[in-house]
Amino acid sequence: MPSPQALAVRSMLQQMRSSQNLAEQSLETQRAGLDQMGRTISKPDSVKVERTSFGNVPGEWISITENASTRVILYLHGGAYYMGSCESHRSLAWRLAQASESRVALIEYRLAPEHKFPAAVEDAVEAYDSLLAQGIASDRIAIAGDSAGGGLTMATLVSLRDAGKPLPACAALLSPWTDLAGTGPSMESRAAYDPWLEPEGIRKAPLLYCNADQLTHPLVSPLYADLAGLPPILIHVGYDECLLDDSVRLHEKLRQTGVDARLHIWQDMWHVFHSFPIPESEEALKEIGDFIKEKIPS
């Protein structure tokens, strides 16, 4: 059974979806709305936030004052490639920093439609290169991301591998968006259960980011990429979300290519439930933190 807090959040999301037509809202309104959702969890005094840049990519270092670990997480936020910022994802980042005993480099890659593919991939790779240039060893780095940021995490790994660069120790994907062509069976089979997303909106959003003939490009939709030789990957997804099969099929393909991949399907949960103040998200973030600590020991 989902927790009472989860049931309350589910009801809130359903009400939001029924009362708002995102297609009729301006980009500015949608972006402001996602930023506002990111402010629902208050930042404790133990969290330190430093505005900085990673190469030419703006962002923040987020750390926990009592934590002296040398682990680093490069975090790539979600938001369908046209929304999202440090404001929208700071609370998720510091909670992940706590769970993994890491510093988090939360970046603001360029957004569509002002900056289309491959701008986001270029910025993520540049931020990773910046970490290496700062003297942070690749085996002390994890890359993580939610939704579009999860797909971007995969695209970044593939880009780094193809460029012959040292790969991070591991990656964590939270409800990753890996098939922008929207071909997963769950797009229809889970639509009645998803309290937040709907197939029509999911299929329209990619055209802000890329051209129609790029929807299956391996760096747009990494489900179609060669995935061999990537580091260990943990995937979380909610059973009730339309994008369930973006994770299920990715996991199957990773395993087929010999990658150490783990998939946890969370019953009764929705898209990036980790972002919300519910007991299930704390449990999920602990599992991600334990995975990162396993792959990057103290």
Side-chain angles (χ1 to χ4, degrees), residues 13 16 20 22 25-44 47-64 72-98 102-128 130-131 142-156 172-177 180 196-197 201-202 205-206 208-210 220 271-277 281 285 288:
L13 291 171
M16 285 174 53
Q20 298 177 0
L22 290 180
Q25 294 182 354
S26 67
L27 288 179
E28 292 74 17
T29 298
Q30 292 183 57
R31 289 168 176 171
L34 188 60
D35 283 354
Q36 182 60 40
M37 287 183 69
R39 302 187 189 104
T40 57
I41 303 177
S42 300
K43 180 176 70 67
V47 175
K48 181 180 180 182
V49 178
E50 300 174 86
R51 192 70 184 176
T52 186
S53 61
F54 301 90
N56 294 310
V57 184
E60 296 176 350
W61 273 118
I62 297 177
S63 58
I64 310 301
V72 169
I73 300 172
L74 173 60
Y75 196 85
L76 308 176
H77 68 74
Y81 291 107
Y82 71 90
M83 298 181 287
S85 66
C86 288
E87 192 73 17
S88 65
H89 281 70
R90 189 178 297 118
S91 63
L92 182 54
W94 67 252
R95 291 163 68 215
L96 185 56
Q98 284 184 327
S102 306
R103 287 191 298 158
V104 174
L106 174 62
I107 70 166
E108 292 182 328
Y109 53 85
R110 287 170 290 171
L111 297 177
E114 296 90 341
H115 304 280
K116 290 199 169 191
F117 171 78
V121 182
E122 292 171 346
D123 287 358
V125 170
E126 181 174 351
Y128 182 81
S130 172
L131 296 178
I143 305 183
D146 64 281
S147 193
L152 182 56
T153 295
M154 291 301 302
T156 302
L173 314 178
L174 290 61
S175 299
W177 194 21
L180 275 63
W196 196 1
L197 305 181
I202 296 171
L208 292 173
Y209 177 58
C210 67
V220 170
H271 190 62
V272 199
F273 66 93
H274 310 70
S275 298
F276 298 90
S281 71
L285 289 170
I288 295 171

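The structure presented is a predicted model; accordingly, all values stated were derived computationally and were not measured. Quick note: residue numbers are just sequence positions, from 1.
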Evaluate the side-chain proximity of [Y] to [X]: yes if any heavy-atom separation is below 4.5 Å, no if none is.
X	Y	result
Val47	Ile64	yes
Phe276	Leu13	yes
Arg31	Ser85	no
Tyr75	Leu92	yes
Pro113	Leu27	yes
Leu111	Leu208	no
Lys48	Trp61	no
Glu122	His115	no

Can you tell me how far apart [atom1] ([X]) and [atom2] ([Y]) are? Round to the nearest 0.5 Å.
X	Y	atom1	atom2	result
Phe117	Leu152	CZ	CG	10.5 Å
Thr156	Leu76	OG1	CG	5.5 Å
Leu197	Ile202	CG	CD1	4.5 Å
Asp35	Arg90	CG	CZ	9.0 Å
His271	Leu174	NE2	CG	9.5 Å
Ile288	Ser281	CD1	OG	10.0 Å

Looking at every non-hydrogen atom in both residues, tell me the closest pair between [X] and [Y] and how far apart they are.
X	Y	result
Leu285	His274	CD1-O, 4.2 Å
Gly78	Ser147	CA-CB, 4.3 Å
Tyr81	Val220	OH-O, 4.4 Å
Ile62	Ala93	CD1-CB, 3.7 Å
Leu34	Met83	CD2-CB, 3.7 Å
Asn56	Pro58	O-CD, 3.6 Å

Using 4.0 Å as the upper bound for N to carboxylate O, is an ion pair formed by Glu60 and Lys43? no
For the pair Arg51 and Glu108, find out whether any cationic side-chain nitrogen is under 4.0 Å from an anionic carboxylate oxygen. yes
Sub-6.0 Å ring centroid separation between Tyr209 and Trp177: no
Taking atom NZ as the centre, does Lys116 end up with more than 12 heavy-atom neighbours from other residues, nucleotides or ligands that are less than 6.0 angstrom away? yes
Asp146 side chain to His89 side chain, donor-acceptor N/O pair below 3.5 angstrom: yes
Looking only at side chains, do Gln36 and Arg39 share a donor and an acceptor under 3.5 Å apart? yes
Between Val49 and Trp94, is the side-chain contact (heavy atoms from CB on, under 4.5 Å) condition met? List the steps. CA-CA 9 Å; Val49 178; Trp94 67 252; over 6 Å; no
Under a 3.5 Å distance rule, please check whether [X] uses its side chain to pair with a backbone N or O of [Y] as donor and acceptor.
X	Y	answer
Ser130	Glu126	no
Asp123	Arg110	yes
Ser91	Gly38	yes

